[in-house]
Peer 1: 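Here's a structure for you.
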2 protein chains.
Amino acid sequence: MATHSPLGATVFTDGACSGNPGPGGWAAVVARPEGRVHELGGFAPQTTNNRMEIIAAIEALTALGTDAGPVLLWTDSKYVLGAAGGWIAGWKRRGWRKADGIPVLNQDLWERLDPLLSARIVWRYVPGHAGNLGNTRADEIAVAFSKGRPVTLYDGPRAAYPYLEREPPTSGA
Amino acid sequence: MATHSPLGATVFTDGACSGNPGPGGWAAVVARPEGRVHELGGFAPQTTNNRMEIIAAIEALTALGTDAGPVLLWTDSKYVLGAAGGWIAGWKRRGWRKADGIPVLNQDLWERLDPLLSARIVWRYVPGHAGNLGNTRADEIAVAFSKGRPVTLYDGPRAAYPYLEREPPTSGA
RNA sequence: AGACACCUAAUGUC
DNA sequence: GACATTAGGTGTCT
């Protein structure tokens, strides 16, 4: 299965956090079906790795817009994947409590992600640090933001973008 | 209150189970009043965490012998603690049924533990994974057995044994 | 409803 | 080698 769907958008997201908790960064590589790619990123002075992973997904989907076509979103966070894949629905049913009755963490972010969810988004796992180009590039941007290092965010034609040619090594659940 | 009684034996027991149910291990650190310490451990290919916790206590008390002096037995299992502390007596009275009438589980093990019980044994709770040395060492041995990893079981003088000097951080019910 | 224990998985770091 | 961020579950009793 290809890294991107020719009829929809392809997205790679990642989060980073020096120290965890500590200063964090998030990143998204967004390839639109019209043939343009742009990279997004951001910083938070005090956060957690998981919050950065969630924000990366929120920002990517927000940038694409709710009325966009199909989206193939790759992340290495089983936390985000599980939430999007059904946990959020269960948490809402239980009043934002986990299975053990303790309140879910990061509810504020899940309530921002929830209205962005839809069947047109296909959520896919990509293993971190396994050589996948899109994930590696997103990691690079997120880490740069988390450390206050400069990064140049690409915004241009897909034909000239070097991080979307290969497939992820695996695509487990 | 000290981790050991100078006039009796001190024991730390623990159980582990990869997967739960799955392959399990049990362990006991037995410090005899004569000044020797020996470590015990064992494996079961398919079991539960609670069965391993019970077996650890059975094996420790069996090794000490029924005619030994006072025993201070530390465990992190409220299940074992409750059973030894009176549940077994109630179950026997009710024909090995719980309060709701459903048969008690692990009856085979409780019937092995029952004849080892006596007033000379003081059962004490030690919280798991809270830094207590004896509990941590028992955990290490039990996990090693459960995963088939090699462990060297100590058998020697107490003066040279490094896992019995400090007190448990708490000793609630 | 409560309690203790045993895990499973991914990521982020040091 | 260690720890933190987060979720899912089973084993068992009161």
Side-chain angles (χ1 to χ4, degrees), chain A residues 13-26 47-54 56-57 75-88 90-91 96-107 109-110 125-130 135 138-139 142-143 146-147 170 172-173, chain B residues 13-26 44 46-54 56-57 75-88 90-91 97-100 102-107 109-110 125-130 135 138-139 142-143 146-147 170 172-173:
Chain A
T13 63
D14 195 32
C17 185
S18 305
N20 194 33
W26 60 267
T47 186
T48 69
N49 67 320
N50 287 329
R51 288 185 69 83
M52 290 296 97
E53 300 273 11
I54 305 166
T75 174
D76 59 25
S77 169
K78 295 259 189 181
Y79 184 45
V80 169
L81 245 13
W87 295 350
I88 289 179
W91 293 336
W96 295 100
R97 312 242 151 208
K98 294 185 295 178
D100 58 11
I102 292 169
V104 171
L105 297 184
N106 303 314
Q107 181 186 340
L109 296 180
W110 299 127
Y125 173 67
V126 55
H129 308 103
N135 174 263
D139 177 73
V143 168
S146 79
K147 302 199 166 156
T170 71
Chain B
T13 65
D14 194 33
C17 184
S18 304
N20 193 34
W26 60 268
Q46 175 68 21
T47 185
T48 68
N49 67 320
N50 288 328
R51 289 185 69 83
M52 290 295 97
E53 300 273 10
I54 306 166
T75 176
D76 58 25
S77 169
K78 297 257 188 178
Y79 184 47
V80 168
L81 245 13
W87 295 351
I88 289 179
W91 295 334
R97 312 237 151 216
K98 294 183 294 179
D100 58 11
I102 292 172
V104 171
L105 297 185
N106 303 315
Q107 182 187 339
L109 296 180
W110 299 128
Y125 173 68
V126 55
H129 309 104
N135 175 263
D139 176 74
V143 168
S146 79
K147 303 200 166 158
T170 71

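Each chain gets a letter, A, B and so on, in the order its sequence line appears, and its residues count up from 1.
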Peer 1: Grab the CG-C1' distance between Asn50(B) and C6(C) for me, whole Å please.
Peer 2: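 My rounded result for the distance is 8 Å.
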
Peer 1: Map Val143(B) and Ser77(B) onto RNA chain C by nearest heavy atom, then report which one ends up closer to the 5' terminus.
Peer 2: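 It is Ser77(B), whose closest nucleotide lies nearer the 5' terminus.
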
Peer 1: May I ask you to test the His129(A)-Asp139(A) pair for a side-chain heavy-atom distance under 4.5 Å?
Peer 2: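 Yes; the side chains approach each other to less than 4.5 Å.
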
Peer 1: With a non-hydrogen cut-off below 4.0 angstrom, is Asp100(A) in contact with a base, only sugar-phosphate, or nothing?
Peer 2: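 Touches nothing.
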
Peer 1: Does a side chain donor of either Asn106(A) or Tyr79(A) reach within less than 3.5 Å of an acceptor in the other side chain?
Peer 2: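 Checked: Asn106(A)/Tyr79(A) side chains pair up, N/O donor to acceptor below 3.5 Å.
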
Peer 1: Can you tell me how far apart CD (Glu53(A)) and OG1 (Thr47(A)) are? Round to the nearest 0.5 Å.
Peer 2: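 Reported to 0.5 Å precision, the distance equals 10.5 Å.
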
Peer 1: Give the rounded distance in Å between these two atoms: CE of Met52(B) and C1' of C4(C).
Peer 2: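 Taking atom C1' of C4(C) as the reference, CE of Met52(B) is at 18 Å.
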
Peer 1: I need the CG-P distance between Leu105(B) and dT14(D), as an integer number of Å.
Peer 2: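 So the CG-P distance, Leu105(B) to dT14(D), works out to 10 Å.
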
Peer 1: Can you find a donor-acceptor N/O pair under 3.5 angstrom joining the side chain of Asp76(B) to the base of A5(C)?
Peer 2: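 In this structure, the two groups form no donor-acceptor pair.
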
Peer 1: Do any side-chain nitrogens or oxygens of Asn106(B) fall under 4.0 Å of OP1 or OP2 in dT12(D)?
Peer 2: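 Indeed, a polar side-chain atom of Asn106(B) lies that close.
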
Peer 1: Determine whether Pro103(A) and Lys98(A) make a side-chain contact, defined as any pair of heavy atoms from C-beta on separated by less than 4.5 Å.
Peer 2: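 No, side chains not in contact.
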
Peer 1: Check the phosphate of A5(C) against His129(B), side-chain N and O only, distance under 4.0 Å to OP1 or OP2. Yes or no?
Peer 2: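 Indeed not, no polar side-chain atom of His129(B) lies that close.
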
Peer 1: In whole Å, I'd like the distance from the CG atom of Leu81(B) to the C1' atom of C4(C).
Peer 2: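 Atom-to-atom, Leu81(B) to C4(C), this comes out as 9 Å.
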
Peer 1: Would you kindly give the CD-to-C1' distance between Glu53(A) and U11(C), to the nearest whole Å?
Peer 2: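 Roughly 6 Å, once rounded to whole Å.
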
Peer 1: What's the closest nucleotide to the side chain of Asp14(A) if the choices are A3(C), dA7(D), U11(C)?
Peer 2: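 Nearest to the side chain of Asp14(A) among the choices is U11(C).
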
Peer 1: What nucleotide among G12(C), dT12(D), dT6(D) has an atom nearest to a side-chain atom of Ala16(A)?
Peer 2: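 The answer is G12(C).
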
Peer 1: Base, sugar-phosphate, or nothing: which does Val104(A) touch, judged by heavy atoms less than 4.0 Å apart?
Peer 2: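 Sugar-phosphate only.
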
Peer 1: Which of parallel (below 30°), tilted (30 to 60°) and perpendicular (above 60°) describes Trp91(A) and Trp110(A)?
Peer 2: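 Ring orientation, 0 to 90° scale: tilted.
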
Peer 1: Measure from CZ on Arg51(B) to P on C7(C) and round the result to the nearest Å.
Peer 2: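 These atoms are roughly 17 Å apart.
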
Peer 1: Answer with yes or no whether Asn49(A) presents, from its side chain, a donor or acceptor under 3.5 Å of a partner atom in the base of U11(C).
Peer 2: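 Looking at the base of U11(C), it does pair with a donor or acceptor on the side chain of Asn49(A) (distance under 3.5 Å).
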
Peer 1: Is any side-chain N or O of Asn20(B) under 3.5 Å from a base N or O of C6(C), one able to act as donor and the other as acceptor?
Peer 2: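 Between C6(C) and Asn20(B), which were checked side chain against base, a qualifying N/O pair under 3.5 Å is present.
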
Peer 1: How long is the straight-line distance from CZ of Arg97(A) back to CD of Gln107(A), given to the nearest 0.5 Å?
Peer 2: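 Going from the CD atom of Gln107(A) to the CZ atom of Arg97(A) covers 9.5 Å.
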
Peer 1: Between A9(C), dA7(D), dC13(D), which nucleotide gets closest to the side-chain atoms of Lys78(A)?
Peer 2: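 In terms of side-chain proximity for Lys78(A), the closest of A9(C), dA7(D), dC13(D) is A9(C).
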
Peer 1: Considering every strand and a 4.0 Å limit on heavy-atom distances, what is the contact class for Trp91(A): base, sugar-phosphate, or nothing?
Peer 2: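 Here Trp91(A) touches the backbone only, sparing every base.
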
Peer 1: Are Thr75(A) and Leu81(A) close enough, and set up right, to give a side chain to side chain contact (heavy atoms under 4.5 Å, CB included), and what steps lead you there?
Peer 2: CA-CA 7 Å; Thr75(A) 174; Leu81(A) 245 13; 3.5 Å; yes

Peer 1: Pick base, sugar-phosphate or nothing for Gly15(B), based on heavy-atom distances below 4.0 Å to the nucleic acid.
Peer 2: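 Result for Gly15(B) = sugar-phosphate.
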
Peer 1: Roughly, in whole Å, what's the span from CD1 in Ile88(A) to P in dA7(D)?
Peer 2: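 Distance check: Ile88(A) CD1 to dA7(D) P gives 12 Å.
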
Peer 1: Among dT12(D), dA7(D), G12(C), which nucleotide sits nearest the side chain of Asp139(A)?
Peer 2: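 So the side chain of Asp139(A) is nearest to G12(C).
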
Peer 1: At under 4.0 Å, does any side-chain N or O of Thr48(A) touch on OP1 or OP2 of dT6(D)?
Peer 2: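 Indeed, a polar side-chain atom of Thr48(A) lies that close.
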
Peer 1: Answer with base, sugar-phosphate or nothing: what part of the nucleic acid does Trp26(A) contact at a heavy-atom distance below 4.0 Å?
Peer 2: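 It contacts nothing in the nucleic acid.
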
Peer 1: For Gly19(A), answer base if it contacts any base atom (sugar-phosphate contacts may also be present), sugar-phosphate if it contacts only those atoms, and nothing otherwise; contact means non-hydrogen atoms under 4.0 Å.
Peer 2: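 Here Gly19(A) touches the backbone only, sparing every base.
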
Peer 1: Of the listed nucleotides (C6(C), dA7(D), G12(C)), which one gets closest to any side-chain atom of Cys17(A)?
Peer 2: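 Looking only at side-chain atoms, Cys17(A) lies closest to G12(C).
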
Peer 1: How many whole angstroms separate atom CZ of Arg97(A) from atom C1' of dA7(D)?
Peer 2: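 Those two atoms, CZ and C1', are 16 Å apart.
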
Peer 1: Taking the minimum atom-to-atom distance to the side chain of Tyr125(A), which one of dA7(D), A10(C), C6(C) wins?
Peer 2: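 Nearest listed nucleotide: A10(C).
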
